[in-house]
Enquirer: 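First, the structure itself, so that you have it in front of you.
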Amino acid sequence: MDAAKPNKVGEGDEKGPASRHFIQHIIDADRESGLHDGRVHTRFPPEPNGFLHIGHAKAIAVNFGLAEEYKGVVNLRFDDTNPVKEETKYVNAIRRDIEWLGFEWNGGEHYTSDHFETLFEYAVKLIEQDKAYVDEQKAEDIASQKGTPTTAGSSSPFRDRPVSDNLRLFREMREGLHGEGSMVLRAKIDMAHSNMHMRDPLMYRIKFAHHHRTGDAWCIYPMYDFAHGQSDSIEGITHSLCSLEFENHRPLYDWYIQQLGIFPSKQREFARLNLNFTIMSKRKLLRLVEEGVVDGWDDPRMPTISGLRRRGYSAESIREFCDRVGVAKRNNVIDVSLLEFALRNHLNASAMRAMAVLRPVKVVVTNYPDGQLEWLPTENNPEDSSSGTRQLPFGREIFIESDDFKVEGVNKKWFRLAPGRSVRLKSAYIITYVDHMEDTDGNVTEIHVEYHPNSKSGSDTSGIKAKGTLHWVECQHAVDAEVRLYDRLFLDENPDGHKDKDFMDFVNPKSLEVLKNCKLEPSLTEAKVGQPWQFTRLGYFTLDSKLTQNDELVFNRAVTLKDGWKG
RNA sequence: UGCCCCAUGGUGUAAUGGUAACACACCGGUUUUUGGUACCGUUUUUCCAGGUUCGAGUCCUGGUGGGGCAACCA
């Protein structure tokens, strides 16, 4: 095993046992005690009100990873208890993203709405036990009676309504006999409880809204707390893993299950993923979409799964990233460089190399015969000996990167082309500067060089030592393309963390740069959507899935190569 | 002035009362027909104060600091 790589969950290496996180310790203890015969059944419960982002990827990886480790299964359950926010298009996007990440869920999809009838029966049961009551107060009154974290709440005047009245009213609520906001069903727990969630929490509210799956069958909908844990229980979920913010909900989660006497799913909480220079709130990501800052949920600058995919991130790299960030209870902010590392790490080993010149300047090889052309072999991926080679056309006129030539400020650290300098053209010849032309603004328009015929790659007998190696594309065979370069969407490390400023204030106005006049080697016309490429010396790129037309290639840069040049 | 959770290098995460480690980042070096990769190395860690113990990052007490909790949202 490669010692540089982290141990796969549950495995050890020659250095000792793999490190294990606290949820694994909990599950180990549960299995030790024989809980549920050692069965592990988790769930991933997205609300279909937005696209999945990299933070969800962590939750997905934790739930599916644990299930895999313990030979259990995972339910995909769309948590659809609020019809006014949820839409089928989000269900479809979420399903596609999880599949793309490479995870398989257990036996079809689940929906909280599948359990609406059972949930209703559970509610009736609690009413019959005098553990729930119909409250006819206004929302503001209920809120004010809740008290504050430091002062006890007070009871609703409807708290001691007879069971029979509660039963009748709750059924009338379901039948649509009462208007929205006129009444709610509440659990009867303790209005003075130190945990606000235990102060007679709402269980059901009336909404005459069309539900994306149940249509108009219901006009009452359960609240999260009275739906999530019960759905876990109905589905036989053993370990219900959620984020830290639900820690205070746990006593309520347990209370409902205990009162109902149903399967005892257990909730455990871990810290959600945060990334610097980005935001992870679905509400705020939606604002970027709605206000046109980005071109949709799948804009390559978005931290969404679909955005990362379109940008050129591989599913493997996202999974590796999720493995590397760990699982713990402390609030964390992961450096985006770790995400980029995971991508480079995967793509360096797997991506095909290609030559592309983003900001071309023409080079004329003055001693190369006019009209002559030769095809030179070059490796597809030096990290993968099985990837083979391909042929590159070379001729009298080529393009190189304008950044690779400069006249002013040339010192001994400059390895590239300059007056008096020689450089290697990757997989071709060594060339030596002869002359260059400039326009009236001083921009270099053309460079003249001479090549050394005996310096051909693989059979170099020239003895010339060239420090630098440049990528290049032969003019006649060059394919035009558009290339889009992305920078971070926010200029602030924590755009969401300023009390006095809106995160929108930190949007990077230069997060997208569109290059129109890029020159690609001809083999790139074979590129497919979803296929990663390393453009030699530049970074990792992929075809844009939305903007690419048949004869108009558009590439996105996912990430640059690490740049070790200190200038 | 309440309840809950958390505190290990710059950022994350391990260490199950017994030598504080791994990754990313950073900095330096070797190799290199990608200033990439690979390899080597430097710097940098247990919030504070008590207590228990032969021994505490770990257990206990008290502080300090951070996060969460008062939607007919999830």
Side-chain angles (χ1 to χ4, degrees), chain A residues 3-7 15-16 18-21 25 28 45-47 49 79-82 84-86 135 138-139 142-144 146-153 180-181 183-186 193-199 202-207 221 223-225 227-228 242 244-251 269 271 276 282-283 324-335 337-342 344-345 348-349 353 355 378-379 382-383 413-416 423-428 430 455 457-458 460 466-471 534-539 560-567:
Chain A
K5 288 183 176 164
N7 300 322
K15 286 174 159 179
S19 70
R20 298 172 64 68
H21 59 70
H25 291 304
D28 289 343
E47 182 187 13
N49 68 341
D79 209 354
D80 54 353
T81 59
N82 188 357
V84 303
K85 283 188 175 179
E86 294 143 10
D135 196 339
K138 289 201 289 265
I142 291 176
S144 66
K146 285 238 168 172
T148 72
T150 53
T151 59
E180 267 183 40
M183 53 183 69
V184 293
L185 185 70
R186 297 177 73 180
H193 203 287
S194 61
N195 183 330
M196 298 292 289
H197 296 290
M198 300 297 274
R199 321 243 261 229
L202 271 63
M203 294 167 61
Y204 270 91
R205 77 286 214 193
I206 298 169
K207 276 183 194 282
Y221 293 92
M223 301 289 290
Y224 168 85
D225 285 308
H228 200 99
C242 61
L244 254 27
E245 58 194 295
F246 292 102
E247 234 160 0
N248 288 336
H249 294 243
R250 208 207 299 195
E269 311 82 14
N276 59 4
K282 272 198 274 186
R283 256 184 74 94
R324 285 174 181 269
V325 297
V327 179
K329 295 193 75 164
R330 55 172 161 157
N331 299 313
N332 60 79
V333 181
I334 308 291
D335 201 311
S337 66
L338 188 62
L339 216 209
E340 296 178 344
F341 166 80
R344 291 189 184 109
N345 200 29
N348 176 53
R353 271 57 169 171
M355 300 274 221
T378 187
E379 63 275 349
E383 303 297 315
K413 286 186 167 178
W414 180 259
F415 298 165
R416 288 118 93 150
V423 295
R424 159 73 63 183
L425 293 176
K426 170 76 179 167
S427 297
I430 291 174
S455 67
S457 285
D460 182 359
K467 268 236 154 185
T469 301
L470 307 186
H471 59 281
Q534 183 195 106
F535 288 177
T536 301
R537 298 211 301 141
L538 297 176
T560 61
L561 252 30
K562 213 169 146 189
D563 188 2
W565 186 45
K566 300 298 184 291

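If you're wondering where the values come from, they're calculated on a predicted model, not measured in any experiment. Lettering of chains follows the sequences in order, A, B, ..., and the numbering in each one begins at 1.
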Enquirer: For C48(B) and A25(B), measure between their C1' atoms and round to the nearest Å.
Expert: 29 Å
Enquirer: From NE2 of H25(A) over to C1' of U13(B), roughly how many Å is that when rounded to an integer?
Expert: 12 Å
Enquirer: Using atom P in both nucleotides, what's the gap between G41(B) and A23(B) to the nearest angstrom?
Expert: 11 Å
Enquirer: Quantified in whole Å, what is the C1' atom distance between nucleotide U42(B) and nucleotide G29(B)?
Expert: 10 Å
Enquirer: Taking A56(B) as the reference, what is the distance to U52(B) when you measure between their P atoms (whole Å, please)?
Expert: 11 Å
Enquirer: I need the L185(A) CG to R205(A) CZ distance, nearest 0.5 Å.
Expert: 12.5 Å
Enquirer: Rounded to whole angstrom, note down the P distance from U45(B) over to A21(B).
Expert: 12 Å
Enquirer: Write out the stems for RNA chain B, ordered by first number and formatted as range with range, counting runs of at least 3 consecutive Watson-Crick or G-U wobble pairs under 3.5 Å.
Expert: B:2-7 with B:64-69, B:10-13 with B:21-24, B:27-30 with B:38-41, B:47-51 with B:59-63
Enquirer: Rounded to whole angstroms, how far apart are CG on L470(A) and P on G36(B)?
Expert: 15 Å
Enquirer: What distance, rounded to whole Å, do you find between the two C1' atoms, one in C59(B) and one in U46(B)?
Expert: 16 Å
Enquirer: Tell me what R250(A) touches on the nucleic acid: a base, only sugar-phosphate, or nothing, going by heavy atoms under 4.0 Å.
Expert: nothing
Enquirer: Could you grab the distance from atom CG of L470(A) to atom CD1 of I430(A), nearest 0.5 Å is fine?
Expert: 11.0 Å
Enquirer: Need one value for V84(A): base, sugar-phosphate or nothing, where a base atom within 4.0 Å counts as base even if backbone is also close, heavy atoms only.
Expert: nothing
Enquirer: Tell me which of G326(A) and K329(A) sits closer to the 5' end of RNA chain B, going by the nucleotide each one is nearest to.
Expert: K329(A)
Enquirer: Measure CZ/R324(A) against C1'/G12(B) and give the value in whole Å, please.
Expert: 12 Å
Enquirer: At a cut-off of 3.5 Å, list every protein nitrogen or oxygen paired with a nitrogen or oxygen from nucleotides 30-34 of chain B, distance to 0.1 Å.
Expert:
{"unit_1": "U33(B)", "atom_1": "O4'", "unit_2": "T469(A)", "atom_2": "OG1", "d": "3.4"}
{"unit_1": "U33(B)", "atom_1": "O2", "unit_2": "S427(A)", "atom_2": "N", "d": "3.0"}
{"unit_1": "U33(B)", "atom_1": "N3", "unit_2": "S457(A)", "atom_2": "OG", "d": "2.1"}
{"unit_1": "U33(B)", "atom_1": "O4", "unit_2": "R424(A)", "atom_2": "NH1", "d": "3.0"}
{"unit_1": "U33(B)", "atom_1": "O4", "unit_2": "R424(A)", "atom_2": "NH2", "d": "3.3"}
{"unit_1": "U33(B)", "atom_1": "O4", "unit_2": "S457(A)", "atom_2": "N", "d": "3.1"}
{"unit_1": "U33(B)", "atom_1": "O4", "unit_2": "S457(A)", "atom_2": "OG", "d": "2.5"}
{"unit_1": "U33(B)", "atom_1": "O4", "unit_2": "G458(A)", "atom_2": "N", "d": "3.3"}
{"unit_1": "U34(B)", "atom_1": "O2", "unit_2": "Q534(A)", "atom_2": "OE1", "d": "3.0"}
{"unit_1": "U34(B)", "atom_1": "O2", "unit_2": "R537(A)", "atom_2": "N", "d": "2.9"}
{"unit_1": "U34(B)", "atom_1": "N3", "unit_2": "Q534(A)", "atom_2": "OE1", "d": "2.5"}
{"unit_1": "U34(B)", "atom_1": "O4", "unit_2": "R353(A)", "atom_2": "NE", "d": "2.7"}
{"unit_1": "U34(B)", "atom_1": "O4", "unit_2": "R353(A)", "atom_2": "NH2", "d": "3.0"}

Enquirer: Say you pick atom C1' in G9(B) and the same atom in U44(B); how far apart are they, in whole Å?
Expert: 5 Å
Enquirer: Whole angstroms only, please: what is the CD-C1' distance between E340(A) and A23(B)?
Expert: 16 Å
Enquirer: Is the base of G35(B) touched by the side chain of R416(A) through a donor-acceptor pair closer than 3.5 angstrom?
Expert: yes
Enquirer: Rounding to an integer number of angstrom, what distance separates A7(B) and U13(B) when you compare their P atoms?
Expert: 9 Å
Enquirer: Taking protein heavy atoms under 4.0 Å as touching, what does nucleotides 62-74 of chain B look like 5' to 3' if B marks base contact, S marks sugar-phosphate-only contact and - marks none?
Expert: -----SBSB-BSB
